[in-house]
There are 2 protein chains.
Amino acid sequence: MPADPPLPQRLLEHYNAMPRGERRLADLLLEDVRAVIDSSATALATRAGVSKATAARLFKRLGYPSFKAAQRALREQQAEPAPDRYGPTLGRLGGERPELGQHLQAEVRNLVATIEQQRSDELGQAVRLLARAQKLWVVGFGDNYSLAHFARSQLIKVRSDIRMIPLGGFSVPEEFASISESDVMLAFAIGRRTRSLRNIVASAMQAGTRLLYLTDGPALARSGEGSLTLKVRSTGTAMFDSPTAAVSLMAYLCAALGAHLGEAAVQRLRRIDAIHEDWGELAHPLEA
Amino acid sequence: MPADPPLPQRLLEHYNAMPRGERRLADLLLEDVRAVIDSSATALATRAGVSKATAARLFKRLGYPSFKAAQRALREQQAEPAPDRYGPTLGRLGGERPELGQHLQAEVRNLVATIEQQRSDELGQAVRLLARAQKLWVVGFGDNYSLAHFARSQLIKVRSDIRMIPLGGFSVPEEFASISESDVMLAFAIGRRTRSLRNIVASAMQAGTRLLYLTDGPALARSGEGSLTLKVRSTGTAMFDSPTAAVSLMAYLCAALGAHLGEAAVQRLRRIDAIHEDWGELAHPLEA
DNA sequence: TGCTAATGGATCATTTATGAAATTAAGTGT
DNA sequence: ACACTTAATTTCATAAATGATCCATTAGCA
């Protein structure tokens, strides 16, 4: 019943005050608190590249009397009712704010897992897809729309001919009709997958368009020839999933595409900046 | 012509290797690079709560021969014709894919710094703002549109009466006219801030609307009564900044709002699910 | 031009952090 | 109950980090 703060919380609270070595270990734990439960202090220290002494000190700093005590406490916490998803919200109603530390912990895990899971050659292939597409179709329905919008807003800084689906209030099939074999479709399928997505993906494959498919679910079924699935993790702590890792991966891909395109991309960026500047001036020539 | 990397890049690169004091200063600079140009080393050190010596050492670590040299270099970069954010890219052109590991590290740093920087009472206040607003105006221009869209798509799952600005092809002032004192505006100001944003924020304040302002820059100027600025870090490793941390913070806020609203939110979610299901069935009753 | 104030850079004494090794505690098997 | 093993904790010498202080240089000003 004492309900001491969970580990991620404590890590956050003391993060600033930690010296380098301890921070190294803290970073590790932020990625994976379970490690404390499973591993020994020695193993932990080794994994983080610090000495056992440092590990001991960290747990003291966090307010535990010792590593052992911390481990015990955490094991107990772990054993307690495993609240999950909507259920718990119903259960612990009444304005209980979810733990920030938990959130961070989950996000970091997602991020690390997502990024580490990527195969270098696949990323390279993805970048090439994005670069060589004649037209690029960015697809995101429902909750995926924001993600798609983000992707497009970054990609358009670096190359031209990018279409968005769905577009404004326009009917999808009409827009989609102009897709061709030399195009590429970048489709987002995080969380709830809609009918529309399945339909359009199916149509695209039928049309022979190559596909770059970002999902937190299973890979594309018949992903043959040129199509590619990138998996991301989006598990959230409370109520909703979080597209953070997807955003991050997409940000990376855009940067990578920029680097890939090289001079062309840079020039495009410059042009965009110039126009921005002009417009800024034109709109309000009075501002300081 | 050597086109040395800009300050934030360097800061991130060396961040892990920095001892506590230098890190404190680095954090300050990541929030406000301009400080180097404007302030003296002494002032900087004082602001960060470290000694001059530490400041000097930091700049040495970053690869500059001295603080002065760094300041000079940065002033030049700043003064250059176009905002040369892309300079470095030009330097290492030619399809070099940016380092995945670096990206990940930077993202995690941003995340941790962003989350850790939030004050619990402010987050609580933010949630209350979101909860009590009669109407909620979600504002995001330019690159911030995706973010705003994401925010709205999550928030709408949990409460009603959320407006989006800008909306479709509609003129902003016309929409905005109906704002009232009992409303709240959630405004995103990551990266490039547009005229429109400044205008609308100014108008909102004038109208007495409370503001929740998410930014990677300086806080809102006259943030009196009820308005609130949440700072996020968005420093990217290559070419573009990354809104990852902002997305994550927003995801948290939405979850927190859900918890805050409690039963009401859960019921709303259920209703939404039900409708989804109905529609799904109705649209394609044949699918497995 | 010469004086003053301020700023940056370097030095060094002090504090703090760190790992190797010694010590203690907790098991394990006999 | 007794070695014996293994892991945690403490100790301590060393290394690193830090800030106060001093000196040199520059900028501002009369």
Side-chain angles (χ1 to χ4, degrees), chain A residues 4 7 10-11 13-30 32-78, chain B residues 4 7 10-11 13-30 32-79 109:
Chain A
D4 24 39
L7 186 58
R10 298 196 192 206
L11 286 169
E13 266 159 36
H14 295 89
Y15 197 80
N16 279 324
M18 290 179 200
R20 251 192 331 194
E22 295 184 24
R23 227 173 65 242
R24 287 238 283 287
L25 187 51
D27 283 338
L28 183 76
L29 297 183
L30 239 25
D32 176 16
V33 272
R34 281 260 294 272
V36 184
I37 299 176
D38 308 331
S39 332
S40 73
T42 313
L44 238 46
T46 312
R47 262 219 293 166
V50 299
S51 74
K52 302 185 292 175
T54 302
R57 278 189 291 260
L58 171 62
F59 285 91
K60 289 239 175 77
R61 183 192 300 278
L62 296 180
Y64 298 102
S66 74
F67 170 77
K68 274 221 146 136
Q71 197 175 49
R72 235 178 303 121
L74 291 170
R75 279 191 175 136
E76 278 166 25
Q77 268 186 24
Q78 169 88 163
Chain B
D4 24 40
L7 187 58
R10 297 198 192 203
L11 286 168
E13 238 165 74
H14 294 98
Y15 197 86
N16 329 296
M18 290 180 200
R20 250 193 330 196
E22 295 183 25
R23 220 172 73 240
R24 286 236 282 288
L25 187 50
D27 280 334
L28 181 75
L29 296 183
L30 280 171
D32 176 16
V33 273
R34 283 270 298 268
V36 186
I37 298 176
D38 306 332
S39 330
S40 72
T42 314
L44 236 48
T46 312
R47 259 217 296 162
V50 300
S51 73
K52 300 187 297 174
T54 302
R57 278 188 290 261
L58 171 62
F59 285 92
K60 288 239 177 76
R61 184 191 300 277
L62 297 181
Y64 298 102
S66 75
F67 171 77
K68 270 218 150 139
Q71 197 176 48
R72 236 178 304 120
L74 292 169
R75 280 191 175 136
E76 277 166 24
Q77 268 185 25
Q78 168 88 168
R109 296 246 157 283

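Excluded from the calculations below are hydrogen atoms, water molecules and symmetry mates; all remaining heavy atoms, backbone and side chain alike, are included. Here is how names work: the chains are called A, B, and so on, in the same order as the sequence lines, proteins then strands, and each is numbered from 1.
One can place CE of B:Met18 at 19 Å from C1' of C:dT16, the figure rounded to the nearest angstrom. Nucleotide C:dA26 holds its P atom 9 Å from the CZ atom of A:Arg72, rounded to whole Å. Remark: P of C:dA10 and NZ of B:Lys68 are 12 Å apart, rounded to the nearest angstrom. One interatomic measurement links the two molecules: CG of A:Leu44 to P of D:dA8, which rounds to 9 Å at whole-angstrom precision. Computed from coordinates, the A:Arg23 CZ to D:dA16 C1' distance equals 15 Å when rounded to whole Å. We find that CZ of B:Arg24 is positioned 9 Å from P of D:dT18, with the value rounded to whole Å. Straight-line distance from the CZ atom of A:Phe59 to the P atom of C:dT18: 15 Å, rounded to whole Å. Whole-Å rounding puts the A:Leu58 CG to C:dT16 P distance at 19 Å.
Taking every side-chain heavy atom of A:Pro19 into account, C:dA17 is the closest of C:dG9, C:dA17, D:dT9. For A:Thr42, the listed nucleotide lying nearest its side chain is D:dA7; candidates were D:dA7, D:dT9, D:dG19. The side chain of A:Phe67 has D:dT9 as its nearest neighbour among C:dG9, D:dT18, D:dT9. Which of D:dT18, C:dA22, D:dA7 sits closest to the side chain of A:Lys52 comes down to C:dA22. Minimum atom distance to the side chain of B:Ser51 is reached by D:dG19, of the listed C:dT18, D:dG19, C:dG8. Of the candidates D:dA8, C:dG9, D:dA20, the closest approach to any side-chain atom of B:Ala53 belongs to D:dA20.
We find that B:Asp27 and B:Arg109 are not joined by a salt bridge, their nearest charged nitrogen and carboxylate oxygen being 4.0 Å or further apart.
Heavy atoms of B:Arg20 sit under 4.0 angstrom from primed sugar atoms or phosphate atoms, though from no base atom.
Each of B:Ala56 and A:Arg61 has a nearest nucleotide on DNA chain C; the 5'-most of these lies closest to B:Ala56. When the nearest nucleotides of DNA chain D are assigned to A:Ala69 and A:Arg57 by heavy-atom distance, the more 5′-ward of the two goes with A:Ala69.
Neither OP1 nor OP2 of C:dT18 sits under 4.0 Å from any side-chain N or O of A:Thr54.
Heavy atoms only, all atoms of each residue included: A:Arg47 and A:Ala35 are closest at NH2-CB, 3.2 Å. Annotation for A:Leu44 and A:Val36: closest pair CD2-CA, 4.2 Å, computed over non-hydrogen atoms.
Between B:Phe59 and B:Phe67, the ring planes are perpendicular. Angles over 60° get that label, and only those under 30° would be called parallel.
Judged by distance alone, the side chains of B:Arg23 and A:Asn16 never bring a donor and an acceptor atom under 3.5 Å apart.
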